[in-house]
Amino acid sequence: MTSDEQWMERALALAEQAEQRGEVPVGAVLVVDGQEIASGFNQSICQHDPTAHAEIIALRQAGQQVENYRLTNTTLYVTLEPCPMCAGAMVHARVGRLVYGASDPRTGAAGSVFQLLKSDQLNHQVEVVGGVKDTECAEQLRRFFRNKREQAKALKKSKQQLSGDD
């Protein structure tokens with residue numbers, strides 16, 4: 001197993017923590033010189049904060065840890081391709097490398113929908129490696145949303161039965 005795969009395993013474990021809290025299961029780990037300096041998982045729902053994505057939490061934590069908002073020579077491992085907000089934060093922080101698992105065909109900003117991380121119109125480009133443990137990352141997300149749909153369907157059916165709308 002490569003170190004990229006090992007770090008993605010760590011990100012998957014963080015995503016599981018998000019899922020246990022009812023959050024979309026996305027986890028992120030920021031690494032420099034083979035050492036974890038920060039991590040995060042989605043917390044937008046529980047924090048009532050649209051910016052509380054796994055990547056943003058990890059970047060904030062890292063900035064505090066190194067006492068600098070520039071995070072050069074770091075690698076960010078994340079289970080889902082970053083959205084435009086997270087990609088912009090990575091460019092601003094000067095993250096050196098992104099490794100992500102599952103692609104995001106709806107809002108992915110590392111090449112699926114947008115290409116913010118390698119844009120020569122911006123002042124920094126991030127090296128991007130996608131698809132690391134993509135099957136596991138995508139399955140975790142599919143399972144989460146399938147369970148959410150099943151729960152919503154069961155709740156709707158329960159409400160119909162209670163109201164006698166069968």
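By convention here, the first residue in the shown sequence is residue 1. Keep in mind it's a predicted model, so treat the numbers as computed, not measured.
Leu76 and Leu122 fall within a single hydrophobic cluster, where Ile, Leu, Val, Met, Phe, Trp and Tyr are joined by side-chain heavy atoms under 4.5 Å apart, directly or via other members. Val126 and Val29 are not part of a single hydrophobic cluster, where members link through side-chain heavy atoms under 4.5 Å apart. Cluster annotation: Val99 is not connected to Val128 through the hydrophobic network of ILVMFWY side chains, with a link wherever side-chain heavy atoms come within less than 4.5 Å.
The shortest heavy-atom contact between Ala62 and Ala38 is N-CB, 3.5 Å. Across Lys148 and Gly22, no two heavy atoms sit closer than the pair NZ-O, 3.9 Å. Scanning both residues, Gly101 and Cys137, for their nearest heavy atoms gives CA-SG, 3.8 Å. Considering all non-hydrogen atoms of both residues, Val132 and Met8 come closest at O-CG, 3.6 Å.
A distance-only check finds a donor-acceptor pair linking the side chain of Asp104 to the backbone of Arg106 [under 3.5 Å]. One N or O on the side chain of Glu81 and one on the backbone of Ala110 form a donor-acceptor pair closer than 3.5 Å. Here the side chain of Arg97 pairs no donor or acceptor atom with the backbone of Val95 at under 3.5 angstrom. The backbone N or O of Ser119 sits less than 3.5 Å from a side-chain atom of Gln125, completing a donor-acceptor pair. In this structure a side-chain-to-backbone donor-acceptor pair under 3.5 Å is missing from Glu36 to Val31. Under a 3.5 Å cut-off, the side chain of Glu67 and the backbone N or O of Gln64 do not form any donor-acceptor pair. In this structure a side-chain-to-backbone donor-acceptor pair under 3.5 Å is missing from Arg10 to Tyr77. Of the possible polar contacts, one joining the Thr79 side chain to the Gly27 backbone as a donor-acceptor pair under 3.5 Å is found.
The structure places CG of Leu155 at 13.5 Å from NZ of Lys153, a figure rounded to the nearest 0.5 Å. In this structure, CZ on Phe41 lies 4.0 Å from CZ on Arg21, to the nearest 0.5 angstrom. Between atom CG of residue Leu30 and atom OG1 of residue Thr74 there is a gap of 4.5 Å, rounded to the nearest 0.5 Å. Interatomic distance, CD of Glu23 versus CD of Gln47, reported as 8.0 Å (0.5 Å rounding). Here the NE2 atom belonging to His48 is positioned 12.0 Å from the CD atom belonging to Gln43, to the nearest 0.5 angstrom. Of the inter-residue distances, the one linking Glu9 atom CD with Asp4 atom CG reads 12.5 Å to the nearest 0.5 angstrom.
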- Item | Asn42/Ser44 under side-chain hydrogen bond (donor to acceptor under 3.5 Å, both in side chains): CA gap, chis, key distance, verdict | CA-CA 6 Å; Asn42 275 4; Ser44 293; 5.7 Å; no
- Any chance you could lay out the side-chain contact (heavy atoms from CB on, under 4.5 Å) test for Asn147 and Arg142, step after step, and finish with the verdict? CA-CA 8 Å; Asn147 289 343; Arg142 275 193 294 273; over 6 Å; no
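With Val26 as the fixed residue, the side chain to side chain contact (heavy atoms under 4.5 Å, CB included) test singles out one of Leu14, Val78, Leu12: Val78.
Annotation: side chain of Phe144 is in contact with side chain of Val24 (closest heavy-atom distance under 4.5 Å). Within the 4.5 Å cutoff, no side-chain heavy atoms of His92 are placed close to those of His124. Within the 4.5 Å cutoff, no side-chain heavy atoms of Thr75 are placed close to those of Leu98. Asp134 has its side chain out of reach of Ser103: every pair of non-hydrogen atoms, C-beta onward, lies at least 4.5 Å apart. Leu71 has its side chain within reach of Leu59: a pair of non-hydrogen atoms, C-beta onward, lies under 4.5 Å apart.
No more than 12 heavy atoms of other residues, nucleotides or ligands lie within 6.0 Å of CD in Gln35, so this atom counts as exposed by the packing criterion. Within 6.0 Å of atom CG in Asn73, 12 or fewer heavy atoms from other residues, nucleotides or ligands are found, so the atom counts as exposed in its surroundings. Asp33 CG: 12 or fewer foreign heavy atoms inside a 6.0 Å radius.
Salt bridge absent: Lys118 and Glu127 never bring a charged side-chain N and a carboxylate O closer than 4.0 Å. Salt bridge status for Lys133 with Glu139: absent, with no side-chain N to carboxylate O gap under 4.0 Å.
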Would you tabulate the side-chain donor-acceptor contacts of residues 82-90 under 3.5 Å, counting partners in other chains and residues two or more places apart, or write 'none'?
none

